[in-house]
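Below is one structure, written out as structure tokens, with a few remarks after it.
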Amino acid sequence: MPGPEVPGVLSAEAAAQTGKAIAATQLASGAVPWFPGGHVDPWDHVESAMAMAATGLLAEAERAYEWLRATQRPDGSWPLQVRDGRIEDAGSDTNFCAYPAVGVWHHLLISGDDGFAERMWPVVRAAIDFVLTAQRERGEIDWAVGESGIPTGEALLSGCSSIHHSLRCALALAEYLDQPQPGWEVALGRLGHALRHHPEAFTPKHRYSMDWYYPILGGALRGEAGRQRLFARWSDFVVDGLGVRCVDDHPWVTGAETCELVLSLDALDEHDRARDLLAAMQHLRDPDGSYWTGLVYADGKRWPEERSTWTGAAVVLAADALSRATPGNGIFRGEKLPAGLPLENVPCCELENVPGT
């Protein structure tokens, strides 16, 4: 399988080196922390597993998924934060718990391993069922569930957009394994409806670039609507030659946000802009193939002083999307992913009467 390569930006050898840098951080348990000695969360752990698979490290990626299988709690969730096997935050982030569905579907696309898919299906099913316990009538999903099992009462646009993508991948896996999940289809339709038509459902986070591009990255907005959203605030977040600001009022560009915008642009067929941004953030690359998290460009200092596994993973996945290298390269473009039950013309007050809800 050819590896990711973007000529003039990232060679196949450089991408492979980044995959190995991520794998070097993996613990004996299979967990992938943010950096050596750092904590583990399910979302960033899965992102790292996806990058390892995209660079040919299938055994290492499968160890990461086995860690998820071994540490999933009876209700289908994972703790929000773990360090050295000790739980530091026992709450559950719904976006974090949904994201393994993306990783499992991605790994199946790359490996073609039906046995892997069958082993991981109960994990994905339990996780998605847990996440949907926090969905509200209008369709949005609370961002966390506390130790008591009570949702926070607050939904976030970026997190719900990512869950939208996770639900599509979960449904693709269900279809592949002939495990119909009509309730998930309805939940996806309701969530997409809320993301497209009910901005008031989400806590305002307009300063953050993730709230700007994630509706495109998660697949809720595409085409002209997606372009209008991105280009309306392009100058607020994009710093020419450096990457994307994490927040619009700080001189701080971050590698992962830049690469996620690359993936969003790729999904809108804006390939030249996407390539330029991937090239722009290469100043964060370390000689060992890892990537620094960000740069405060006002004073030229890298901050935080860490080389995060998930930043390197985002680089690999962006390069794979642009190069069309692996069989999983189209996962963020939504290739072969179900759209969910269309609810665009169903009034919000009637959603509870939709069959399957």
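Along the sequence shown, the residues carry numbers beginning at 1. All of these numbers come straight from a predicted model, not from anything done at the bench.
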Cationic tip of Arg273 above Trp234 ring, under 6.0 Å, 45° of axis:
yes

Can you find a pair of side-chain heavy atoms, one from Leu10 and one from Gln282, that are under 4.5 Å apart?
yes

Verify the cluster assignment for Ile22 and Val315: are they in a single hydrophobic cluster under the rule of side-chain heavy atoms below 4.5 Å apart?
no

Ser161 OG to Ile216 CD1 distance, which is reported to the nearest 0.5 Å:
8.5 Å

CD of Glu257 to OG of Ser264: how many Å apart, nearest 0.5 Å?
11.0 Å

Check whether more than 12 heavy atoms from other residues, nucleotides or ligands sit under 6.0 Å from atom CD of Glu335, and answer yes or no.
yes

In the structure I gave you, are the side-chain heavy atoms of Val296 and His250 within less than 4.5 Å of one another anywhere?
no

Spell out, yes or no, whether Phe202 and Leu156 are grouped together once hydrophobic residues are joined by side-chain heavy atoms under 4.5 Å, including indirect joins.
yes

Could you tell me whether Asp272 atom CG has more than 12 heavy atoms of other residues or ligands within 6.0 Å of it?
no

For the residue pair Arg302 / Thr293, report whether a side-chain donor-acceptor contact shorter than 3.5 Å exists.
no

Presence of salt bridge, Asp266 and Arg324, under 4.0 angstrom
yes

Could you tell me how the ring of Phe116 sits relative to the ring of Tyr65: parallel (under 30°), tilted (30 to 60°) or perpendicular (over 60°)?
perpendicular

Grouping I, L, V, M, F, W and Y whenever their side-chain heavy atoms are under 4.5 Å apart, do Leu108 and Met52 come out in a common cluster?
no

His106 side chain vs Ile331 backbone, donor-acceptor pair below 3.5 Å
no

Strictly below 4.0 Å, N to O, side chains only: are Asp288 and Arg307 in salt-bridge contact?
yes

With a 4.5 Å cut-off on side-chain heavy atoms, are Val32 and Trp67 touching?
no

Return yes if a side-chain donor-acceptor contact under 3.5 Å exists between Glu62 and His107, otherwise no.
yes

Quick one: does Thr94's side chain have a donor or acceptor within less than 3.5 Å of a partner on Asp142's backbone?
yes

Begin with the C-alpha distance, continue with both residues' side-chain angles, and end with the deciding distance and a verdict on side chain to side chain contact (heavy atoms under 4.5 Å, CB included) for Tyr213 and Leu230.
CA-CA 6 Å; Tyr213 63 74; Leu230 281 193; 3.8 Å; yes

Can you tell whether the side chains of Asp248 and Arg233 come within less than 4.0 Å, N to carboxylate O?
yes

Roughly how far, to the nearest 0.5 Å, is CG of Leu132 from SG of Cys97?
11.5 Å

Euclidean distance, Leu265 CG relative to Cys259 SG, rounded to 0.5 Å
11.5 Å

Answer yes or no: is there a donor N or O on one side and an acceptor on the other, between the side chain of Arg275 and the main chain of Val6, under 3.5 Å?
no

Least distance between heavy atoms, Ala101 atom then Val124 atom
CB-CG1, 3.8 Å

Can you classify the ring geometry of Trp252 versus Trp303 as parallel (below 30°), tilted (30 to 60°) or perpendicular (above 60°)?
perpendicular

Any idea which heavy atoms bring Gly243 and Leu277 closest together, and the distance?
CA-CD2, 4.3 Å

Would you give the length of the straight line joining atom CZ of Arg119 to atom CG of Asp113, rounded to the nearest 0.5 angstrom?
6.0 Å

Indicate whether the side chain of Ser323 and that of Glu5 have a donor and an acceptor atom separated by less than 3.5 Å.
no

Count I, L, V, M, F, W, Y as connected when their side-chain heavy atoms are under 4.5 Å apart, and connections chain through other members. Are Leu177 and Leu167 then in the same cluster?
yes

Just by distance, do the side chain of Thr133 and the backbone of Asp129 share a donor-acceptor pair under 3.5 Å?
no

salt_bridge(Arg227, Glu270) N-O dist < 4.0 Å
yes

Among Thr55, Ile110, Leu58, which residue meets the side chain to side chain contact (heavy atoms under 4.5 Å, CB included) test with Met1?
Ile110

Between Asp93 and Trp43, does the side chain to side chain contact (heavy atoms under 4.5 Å, CB included) criterion hold? Intermediate values first, please.
CA-CA 9 Å; Asp93 184 307; Trp43 198 102; over 6 Å; no

Between the side chain of Arg83 and the main-chain N/O of Glu88, is any donor-acceptor distance below 3.5 Å?
no

Checking side-chain polar atoms at under 3.5 Å, does Gln81 have a donor or acceptor matched by the opposite partner on Arg86?
no

For Ala256 versus Ala314, what's the shortest heavy-atom pair and its separation?
CA-CB, 4.1 Å

Side chain to side chain contact (heavy atoms under 4.5 Å, CB included) with Pro4: which of Leu322, Asn329, Val316?
Val316

Got a second to check how far Cys169's SG is from Lys336's NZ, nearest 0.5 Å?
13.0 Å

Consider only side-chain heavy atoms of I, L, V, M, F, W and Y, link residues closer than 4.5 Å, and tell whether Val46 and Trp310 are in one cluster.
no

If you compare all heavy atoms of Gln181 against all heavy atoms of Ala174, which two are closest, and at what distance to 0.1 Å?
CG-CB, 3.9 Å

Are Trp78 and His45 side-chain neighbours, meaning at least one heavy-atom pair lies under 4.5 Å?
no

Taking the side chain as every heavy atom from C-beta outward, state whether Arg136 and Arg190 have any pair of such atoms under 4.5 Å apart.
no

Could you check whether any side-chain heavy atom of Val247 comes within less than 4.5 Å of a side-chain heavy atom of Ser209, counting everything from C-beta outward?
no

Nearest heavy-atom contact between Pro2 and Ala325 is CG-O, 3.7 Å

Plane angle bin for Trp105 and Tyr176 - parallel if under 30°, tilted between 30 and 60°, otherwise perpendicular:
perpendicular

Glu60/Arg63 ion pair, N-O < 4.0 Å:
no

So His165 and Leu217, side chain to side chain contact (heavy atoms under 4.5 Å, CB included) or not? Walk me through it.
CA-CA 8 Å; His165 186 219; Leu217 182 63; over 6 Å; no

Determine the interplanar angle of the Trp212 and Phe237 rings, folded into 0 to 90°, and report it as parallel if under 30°, tilted if 30 to 60°, perpendicular if over 60°.
parallel

Restricting to non-hydrogen atoms, name the atom on Ala155 and the atom on Cys160 that form the minimum distance, rounded to 0.1 Å.
CB-SG, 4.3 Å

Do the side chains of Arg138 and Glu200 get close enough for a salt bridge, i.e. N-O under 4.0 angstrom?
yes

I'd like to check the side chain to side chain contact (heavy atoms under 4.5 Å, CB included) partners of Ser158; sequence neighbours left out, ordered by chain and number.
Met210, Asp211, Tyr214

Tell me if a side-chain donor or acceptor on Ser290 pairs with a main-chain N or O of Asp286 at a distance below 3.5 Å.
no

Within a strict 4.5 Å, meaning less than it, do heavy atoms of the Arg73 and Ser92 side chains meet?
yes

Mind checking whether Val239 and Arg245 have side chains closer than 4.5 Å, heavy atoms only?
yes

Could you go through the side chain to side chain contact (heavy atoms under 4.5 Å, CB included) check for Asp41 and Leu80 one step at a time?
CA-CA 6 Å; Asp41 73 68; Leu80 199 151; 5.6 Å; no

